[in-house]
There are 2 protein chains.
Amino acid sequence: METIFTDDYFMKKALYEAKEAFAKGEVPVGAVVVVNNQVIARTHNLTELLHDVTAHAEMQAITSAANFLGGKYLKDCTLYVTLEPCQMCAGALYWSQITKIVYGAKDERRGYTTLGTQLHPKTQVVSGVLEDECAALIQLFFQNKR
Amino acid sequence: METIFTDDYFMKKALYEAKEAFAKGEVPVGAVVVVNNQVIARTHNLTELLHDVTAHAEMQAITSAANFLGGKYLKDCTLYVTLEPCQMCAGALYWSQITKIVYGAKDERRGYTTLGTQLHPKTQVVSGVLEDECAALIQLFFQNKR
């Protein structure tokens with residue numbers, strides 16, 4: 001059976017969130033958390049607005065999804081995020097025991113794979129979904145800053 | 001000139017917070033943030049109560065201190081925390097560019113030194129302050145859980 005609920009489908013929702021961040025002058029990273037094809041959290045980076053380095057899209061998504069589920073472990077959940085998580089977010093995802101992480105663009109400098117942050121052994125990772133579109137939005141943001 | 005404002009003095013305040021966590025059935029970790037000998041944030045672990053893996057003492061301390069300062073960088077700040085930070089908290093401290101971290105007990109398994117998490121090059125670290133007292137509280141907590 002065909003389905004509309006592909007990784008591209010949900011990454012587009014994360015990209016929508018990233019564009020919301022862009023519009024607010026935030027580094028444009030967006031995230032959604034999905035369980036059984038239902039979006040239970042949608043967030044974007046708010047570090048500038050909140051003056052808070054912990055307000056990455058993923059951190060808010062973890063808190064928001066756990067609130068929805070009423071428990072701290074993100075069992076059967078998939079996080080879609082437009083940029084590869086950093087050490088902090090990967091460390092939080094480790095504690096959450098999330099089932100799957102799907103990310104778009106790589107962060108060669110500060111991404112968790114470069115820095116060797118440990119994820120939970122239960123967690124699967126898929127990378128490169130809508131990579132070009134996710135990366136282009138971030139590049140545009142930093143070009144405009146110069 | 002002698003001073004009462006030693007590392008032990010502020011770690012005792014973090015220990016007080018850790019005991020507050022203990023009393024709530026939380027893994028007993030406490031933290032304070034200090035700037036110019038003034039405590040600007042005092043927090044303890046609330047992961048169980050909030051059903052939120054991101055609610056470590058350090059994460060709340062970073063957010064709380066940044067709120068107090070009105071900016072996201074913890075310049076001239078020292079974090080006192082009873083247990084060595086994990087990957088997530090060390091990753092958040094990296095982004096905060098905090099000036100100094102003082103911790104009590106080591107976390108051999110999940111501490112950031114074991115897992116190789118990168119701190120900001122500006123950040124100094126002191127470890128082992130009131131180590132025995134900090135470690136004993138955590139051991140007591142897990143003994144009671146068995």
Side-chain angles (χ1 to χ4, degrees), chain A residues 26-27 29 31 33 41 43 45-75 77 79 84-98 107 109-121 123, chain B residues 26-27 29 31 33 41 43 45-75 77 79 84-98 107 109-121 123:
Chain A
E26 300 278 353
V27 176
V29 181
V33 177
T43 55
N45 178 37
L46 287 173
T47 49
E48 296 304 320
L49 191 71
L50 300 179
H51 307 303
D52 186 350
V53 297
T54 75
H56 282 192
E58 300 95 311
M59 300 302 285
Q60 298 176 71
I62 292 166
T63 298
S64 180
N67 276 344
F68 178 88
L69 296 170
K72 66 181 179 165
Y73 295 117
L74 303 185
K75 195 175 167 302
C77 290
L79 172 77
E84 182 186 350
C86 72
Q87 301 183 117
M88 169 180 70
C89 295
L93 291 162
Y94 169 92
W95 290 119
S96 79
Q97 303 187 14
I98 195 164
D107 185 346
R109 194 157 152 243
R110 286 167 166 175
Y112 82 96
T113 52
T114 300
L115 295 171
T117 314
Q118 198 174 99
L119 293 178
H120 197 276
T123 305
Chain B
E26 299 278 355
V27 176
V29 181
V33 177
T43 55
N45 179 36
L46 287 173
T47 48
E48 297 303 322
L49 191 72
L50 300 179
H51 306 304
D52 186 350
V53 297
T54 76
H56 281 191
E58 301 95 312
M59 300 301 286
Q60 297 175 69
I62 291 166
T63 299
S64 180
N67 276 345
F68 179 88
L69 296 169
K72 66 180 180 165
Y73 296 118
L74 303 186
K75 196 175 168 299
C77 289
L79 172 77
E84 182 186 350
C86 72
Q87 299 183 120
M88 168 181 70
C89 295
L93 290 161
Y94 169 92
W95 290 118
S96 80
Q97 303 187 15
I98 196 164
D107 185 347
R109 195 158 152 242
R110 286 166 166 174
Y112 81 96
T113 51
T114 300
L115 295 172
T117 313
Q118 198 174 98
L119 293 178
H120 197 275
T123 305

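Naming: A, B, ... by sequence-line order, numbering from 1 per chain.
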- prompt: Where does B:Y112 contact chain A at under 4.5 Å (heavy atoms): side chain, backbone, both or neither?
  reply: neither

message: Quick check for you: among A:Q97, A:M59, A:K72, which has the greatest number of heavy-atom pairs under 4.5 Å with chain B?
response: A:K72

field: Minimum-distance pair of heavy atoms, taken over all atoms of A:V53 and B:A92
entry: CG2-O, 3.6 Å

- request: Under 4.5 Å heavy-atom distance to chain B, tell me which part of A:L50 shows up: side chain, backbone, both or neither.
  value: backbone

task: Would you check if the side chain of A:Q87 reaches a backbone N or O of B:Q118 as a donor-acceptor pair within less than 3.5 Å?
output: yes

message: Side chains of A:W95 and B:C86, heavy atoms from C-beta outward: is any pair under 4.5 Å?
response: yes

- request: Quick one: which of A:A90, A:G116, A:S96 has the most heavy-atom pairs under 4.5 Å with chain B, could you say?
  value: A:S96

- line: Between B:A66 and A:H51 the two heavy atoms that sit nearest each other are CB-O, 3.3 Å

statement: If you tally heavy-atom pairs under 4.5 Å between each of A:I62, A:L69, A:L93, A:T54 and chain B, the highest tally belongs to A:T54

